[in-house]
Amino acid sequence: MAVYKDGDKWRVIYRYTNWQGERKQTQKRGFKTKREAQQWEREVMLKSESKLDMTFASFFEIYEADKKKRVKENTWESKSHVIRTKILPYFGNRKIAEIEAKDIIAWQNELLAIRQPNGKPYSSSYLQKIHSQLSAIFNHAVNFYYLPSNPAQKAGNMGKEEH
C-alpha cells in the first residue's frame with residue numbers, strides 16, 4: 001500500500017492476503033499522476049476486501065471473475081456485450097452501493113427512448129434481456145457481497161419476453 005515516484009511516472013505496490021491465506025504482493029506502474037495511482041490502489045483494496053464502496057465497473061470485474069467459468073463461452077460473450085455496451089456506459093463510474101431504484105428507472109427511460117437507425121425502438125425481449133443482466137449483477141452483489149437490496153428489482157422490469 002505505497003505509491004512511489006518512478007522517474008516521471010508513478011507506481012503502486014500493494015500487499016494483500018489471498019483466499020488461501022497467503023500473503024501476496026502486486027504492483028502496477030505507469031500512472032501519469034499520483035491521484036491515478038492512489039485511485040487504482042483504492043479500487044484494488046476494495047475488491048480484495050469485497051467492500052461495496054467501489055464503482056459498478058470494478059464490481060463487474062469481480063462478477064466476471066466469479067461467473068465467467070460457470071457459463072458457456074458464447075453465453076458469456078453475449079452477456080458481456082450487453083453489459084459493456086448498455087449498462088457500463090451509464091453506471092460504470094457510479095458506486096454500486098449508491099445506485100437506487102430511481103437511477104434504474106431513469107436508465108430504463110433512456111433505453112426506451114433510443115431509436116435504431118431504421119427508426120424502430122429496441123424490441124421488448126431485448127429490453128428485458130438488458131434489464132435481466134443488470135438485475136443479475138445486483139443479485140450477485142446481494143447474495144455474496146452484502147448489498148442490502150437489488151435496486152433493479154425494486155424498479156421493475158422493462159419489456160417482456162416474447163415467445
Side-chain angles (χ1 to χ4, degrees), residues 1-108 111 126 128-157:
M1 299 209 307
V3 178
Y4 298 104
K5 183 90 169 168
D6 193 15
D8 61 336
K9 302 283 185 175
W10 290 85
R11 74 176 177 152
V12 177
I13 297 177
Y14 176 68
R15 292 171 188 85
Y16 63 96
T17 305
N18 69 7
W19 64 276
Q20 295 173 328
E22 300 168 339
R23 295 274 300 155
K24 297 282 185 178
Q25 176 176 310
T26 187
Q27 70 175 343
K28 186 166 181 180
R29 298 178 181 176
F31 295 103
K32 292 180 181 175
T33 63
K34 185 176 182 179
R35 178 178 286 173
E36 287 177 13
Q38 289 172 330
Q39 184 177 2
W40 180 85
E41 177 188 35
R42 184 175 178 277
E43 287 293 324
V44 169
M45 200 174 350
L46 290 172
K47 283 182 197 175
S48 68
E49 295 173 1
S50 299
K51 303 259 188 215
L52 291 178
D53 195 31
M54 67 182 82
T55 63
F56 188 88
S58 293
F59 186 77
F60 173 67
E61 291 174 14
I62 292 173
Y63 177 77
E64 182 176 29
D66 290 349
K67 290 292 186 179
K68 189 173 184 175
K69 302 258 192 255
R70 297 174 181 263
V71 296
K72 291 181 180 179
E73 187 177 347
N74 263 359
T75 302
W76 179 256
E77 288 304 317
S78 67
K79 285 173 76 79
S80 178
H81 174 74
V82 167
I83 293 167
R84 290 183 198 283
T85 59
K86 305 293 186 252
I87 299 172
L88 285 181
Y90 195 85
F91 294 113
N93 295 327
R94 304 274 312 272
K95 290 188 176 178
I96 191 164
E98 295 177 357
I99 297 173
E100 299 177 354
K102 64 183 173 103
D103 302 320
I104 306 292
I105 291 170
W107 168 74
Q108 289 176 339
L111 285 176
Y126 187 60
Q128 196 262 343
K129 178 181 178 179
I130 296 169
H131 180 82
S132 295
Q133 298 306 326
L134 179 66
S135 189
I137 293 171
F138 279 116
N139 279 335
H140 190 72
V142 168
N143 294 336
F144 301 106
Y145 295 95
Y146 307 108
L147 184 69
S149 63
N150 181 345
Q153 187 177 21
K154 286 181 182 177
N157 207 339

> Is Trp10 close to Tyr4 at the side-chain level, that is, under 4.5 Å between some pair of heavy atoms?
Replying inline: no

> Is any side-chain heavy atom of Phe59 closer than 4.5 Å to a side-chain heavy atom of His140?
Replying inline: yes

> What side-chain hydrogen bond (donor to acceptor under 3.5 Å, both in side chains) pairs are there with at least one residue in residues 27-36, not counting sequence neighbours?
Replying inline: Arg11-Gln27

> Can you find a heavy atom in the side chain of Ile104 that is under 4.5 Å from one in the side chain of Phe138?
Replying inline: yes

>> Lys9: which residues meet the salt bridge (Lys or Arg N to Asp or Glu O under 4.0 Å) condition with it, sequence neighbours left out?
In response: none

>> Restricting to non-hydrogen atoms, name the atom on Val12 and the atom on Ala37 that form the minimum distance, rounded to 0.1 Å.
In response: CG2-O, 3.3 Å

> Given Lys24 and Arg15, is the side-chain contact (heavy atoms from CB on, under 4.5 Å) satisfied, shown in steps?
Replying inline: CA-CA 6 Å; Lys24 297 282 185 178; Arg15 292 171 188 85; over 6 Å; no

Could you give the side-chain donor-acceptor pairs of residues 86-102 under 3.5 Å, partners two or more places apart or in another chain?
unit_1, atom_1, unit_2, atom_2, d
Lys86, NZ, Tyr122, OH, 3.4
Arg94, NH2, Asp103, OD2, 2.9
Lys95, NZ, Asp53, OD1, 3.4

> Would you call the rings of Phe60 and Trp76 parallel, tilted or perpendicular if under 30° counts as parallel and over 60° as perpendicular?
Replying inline: parallel

> CD of Gln153: more than 12 outside heavy atoms within 6.0 angstrom?
Replying inline: no

>> I'd like to check the side-chain contact (heavy atoms from CB on, under 4.5 Å) partners of Ser58; sequence neighbours left out, ordered by chain and number.
In response: Glu43, Lys47, Met54, Thr55

>> Tell me which pairs pass salt bridge (Lys or Arg N to Asp or Glu O under 4.0 Å) where either residue lies in residues 64-81, with sequence neighbours left out.
In response: Glu64-Arg84

> Any side-chain heavy atom of His131 sitting closer than 4.5 Å to one from Trp107?
Replying inline: yes

>> According to salt bridge (Lys or Arg N to Asp or Glu O under 4.0 Å), does anything in residues 129-146 pair up with another residue at least two apart or in another chain? List the pairs.
In response: none

>> For Phe56 versus Leu134, what's the shortest heavy-atom pair and its separation?
In response: CZ-CD1, 3.7 Å

> About how many Å separate CD of Gln133 and OG of Ser80, when rounded to the nearest 0.5 Å?
Replying inline: 9.5 Å

